[in-house]
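Here is the structure we will look at, set down as structure tokens.
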Amino acid sequence: MIELSVSTQVGLLLTLQLSARDASSVLNPDEWRNLCRSIGGVGQLEMLLHQPQELLAKAGVSDEYIQRIQQLLSRGVGLAIASEKWSRSGVWILGVGDPEYPRRVRESVGEYIPPILFGYGNRELLDQGGVAITDERVPKGAAKAVAASIDEKKTAAVGLLDLQGSRDVIVELLEQGGQAVGITYKDLLSYGSVESLRRAIMNGRLVLLSSRPPGESTGAPPIYEPAMVRMIADDELPGYSPGVTQYEEPTEKDPPAQQMDLGF
């Protein structure tokens, strides 16, 4: 069973639907950010589980909003069932109020900070920086050379696994013995089941990261993940002009998780 801090439980209850049948009106990113500000920061999240009405009334929110928050926080049974399922998948879970939450993400200014992070692998890689990879910075067929240039810098690659160019660089770098942070807005379990990626995870050279629960693949566009690449990386890909990442689906279709090999 995953051990969850109280503040992480609050983040899960307020921002995630806990099953396919859960129709709760969870907080959107703007509502979550405004709530944290109104109660005095993420350090006060634990108080929401113990004294929600008092804390929210002091923050000056409406009675209707207080009722909505209390309804979300009352889903303890659903959270227990969901966390047991997540535990069986082998992921770790961090809330923004946890000391282990990646410092580079939490301290980012002007960005939407994910309330919850799900991941596999070496969490220490999240605070060691790296080179940000986007498709616009990787000419077609250049993944091997780009990976080699990153490996020479003795740093990690940080990129979206859901985009072909950045995914190719991460795979090449891992094959060369390097390190990477692979971020996804699709299904974390699909990537964790790929043999070569799983081997790198077990060797401590790869961490997979998402703001979405394992097993969830809604096809919805990313919210936090593109910014997370910038937050975690501390360098740009050398030798290429930075561009704005376009979040288009790869040209090939991803197979189901149980069949996923991503072409490598």
Side-chain angles (χ1 to χ4, degrees), residues 2 4-18 22 24-39 41-46 48 69 72 79 82-83 86 89 91-130 132 134 158-163 166 180-192 206-234 245 247:
I2 298 176
L4 300 174
S5 69
V6 175
S7 64
T8 296
Q9 293 177 50
V10 171
L12 289 164
L13 289 168
L14 292 181
T15 65
L16 288 181
Q17 291 175 325
L18 301 174
D22 186 355
S24 300
S25 178
V26 297
L27 304 186
N28 63 39
D30 283 323
E31 291 173 326
W32 165 257
R33 182 160 61 175
N34 291 337
L35 174 65
C36 291
R37 287 174 176 171
S38 69
I39 64 175
V42 296
Q44 297 296 311
L45 287 173
E46 289 191 16
L48 275 178
I69 295 296
L72 291 172
L79 178 58
S83 60
W86 298 329
S89 73
V91 303
W92 43 258
I93 303 174
L94 293 175
V96 69
D98 288 339
E100 300 86 359
Y101 190 93
R103 172 183 53 82
R104 290 173 177 269
V105 178
R106 181 166 43 217
E107 295 178 358
S108 296
V109 178
E111 300 279 10
Y112 284 96
I113 308 303
I116 302 293
L117 291 176
F118 298 87
Y120 286 116
N122 185 3
R123 288 186 292 190
E124 293 182 2
L125 294 175
L126 299 176
D127 280 326
Q128 292 181 8
T134 66
V158 183
L160 290 170
L161 287 169
D162 312 305
L163 298 180
S166 53
V181 178
I183 300 171
T184 177
Y185 52 87
K186 293 188 178 179
D187 181 14
L188 195 67
L189 290 179
S190 296
Y191 292 106
L206 172 66
V207 61
L208 302 181
L209 193 64
S210 181
S211 69
R212 299 180 179 181
E216 179 178 304
S217 185
T218 64
I223 298 174
Y224 301 105
E225 281 71 17
M228 286 161 56
V229 174
R230 301 190 300 270
M231 295 174 189
I232 292 173
D234 56 4
T245 305
Y247 306 104

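Each residue takes its place number in the sequence, starting with 1.
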- Query: For Pro114, what residues pass the side chain to side chain contact (heavy atoms under 4.5 Å, CB included) criterion, not counting sequence neighbours?
  - Reply: Tyr101, Val105, Leu117, Ser211, Tyr224, Met228
- Query: Partners of Glu124 by salt bridge (Lys or Arg N to Asp or Glu O under 4.0 Å), sequence neighbours excluded?
  - Reply: none
- Note on the structure: With sequence neighbours left out, the residues meeting salt bridge (Lys or Arg N to Asp or Glu O under 4.0 Å) with Glu111 are Arg230
- Query: Any idea which heavy atoms bring Leu72 and Ser25 closest together, and the distance?
  - Reply: CD1-O, 3.7 Å
- Which pair of heavy atoms, one from Pro222 and one from Arg212, lies closest together, and at what distance? CA-NH2, 3.6 Å
- Hey, what do you get for OG (Ser108) to CZ (Arg103), rounding to the nearest 0.5 Å? 10.0 Å
- Message: Within this structure, what is the CD1-SG distance for the pair Ile113 and Cys36, rounded to the nearest 0.5 Å?
- Response: 10.5 Å
- Query: Which residues pass the side-chain hydrogen bond (donor to acceptor under 3.5 Å, both in side chains) test with Gln128, sequence neighbours left out?
  - Reply: none
- Any residue meeting side chain to side chain contact (heavy atoms under 4.5 Å, CB included) with Asn34, in chain and number order, not counting sequence neighbours: Arg37
- Just wondering, do Val91 and Pro213 contact through their side chains at under 4.5 Å, heavy atoms? no
- Message: Can you confirm whether Leu208 sits close enough to Thr184 that some side-chain heavy atom of one is under 4.5 Å from a side-chain heavy atom of the other?
- Response: no
- Query: If you look at every heavy atom in Gly182 and Leu206, which pair is closest and at what distance?
  - Reply: N-CD1, 4.0 Å
- Query: If you take all heavy atoms of Tyr185 and Ala220, which pair is closest and at what distance?
  - Reply: CD1-O, 4.3 Å
- Contacts of Asp127 meeting salt bridge (Lys or Arg N to Asp or Glu O under 4.0 Å) (sequence neighbours excluded), chain-then-number -> none
- Please examine the side chains of Ile232 and Pro102, heavy atoms only from C-beta on, and report whether any two atoms are closer than 4.5 Å. no
- Any side-chain heavy-atom pair from Leu13 and Leu18 closer than 4.5 angstrom? yes
- Item | Listed partners of Thr15 passing side chain to side chain contact (heavy atoms under 4.5 Å, CB included), at least two apart | Trp32, Pro115, Ile116
- Quick one: ring pair (Phe, Tyr, Trp, His ring centres under 6.0 Å) partners of Phe118, sequence neighbours excluded? Trp86
- Query: So, do Asp234 and Arg104 sit near enough that their side-chain heavy atoms are less than 4.5 Å apart?
  - Reply: yes
- Query: Can you list the residues that meet the side-chain hydrogen bond (donor to acceptor under 3.5 Å, both in side chains) rule with Ser7, with sequence neighbours excluded?
  - Reply: Ser5
- Task: Please test Leu16 against Val26 for side-chain contact (heavy atoms from CB on, under 4.5 Å), starting from the C-alpha separation and ending with a verdict.
- Result: CA-CA 6 Å; Leu16 288 181; Val26 297; 5.7 Å; no
- Query: Looking at residues at least two apart in the chain, or sitting in another chain, which of them share a side-chain hydrogen bond (donor to acceptor under 3.5 Å, both in side chains) with Arg123?
  - Reply: none
- Item | Side-chain (Asp98) to main-chain (Glu100) donor-acceptor, under 3.5 angstrom | no
- Would you say Gln9's side chain and Leu4's backbone share a donor-acceptor pair under 3.5 angstrom? yes
- Query: Is there a side-chain contact between Ile183 and Tyr191, using heavy atoms and a 4.5 Å cut-off?
  - Reply: no
- Message: Are Leu45 and Ile39 packed together at the side-chain level, in the sense that at least one heavy-atom pair is separated by less than 4.5 angstrom?
- Response: yes
- Which heavy-atom pair separates Pro99 from Arg106 by the least distance, and what is that distance? O-NH2, 3.6 Å
- Rounded to the nearest 0.5 Å, how far apart are CG of Leu12 and CD of Gln17? 13.0 Å
- Task: Using atom types as modelled and distance alone, determine if a side-chain donor or acceptor of Glu31 lies under 3.5 Å from a backbone N or O of Asn28.
- Result: yes
- Item | Pairwise distance CG(Leu160) to CG(Leu209) - rounded to 0.5 angstrom | 10.5 Å
- Item | Atom of Ala132, atom of Val229 and distance for their closest heavy-atom approach | CB-CG1, 3.9 Å
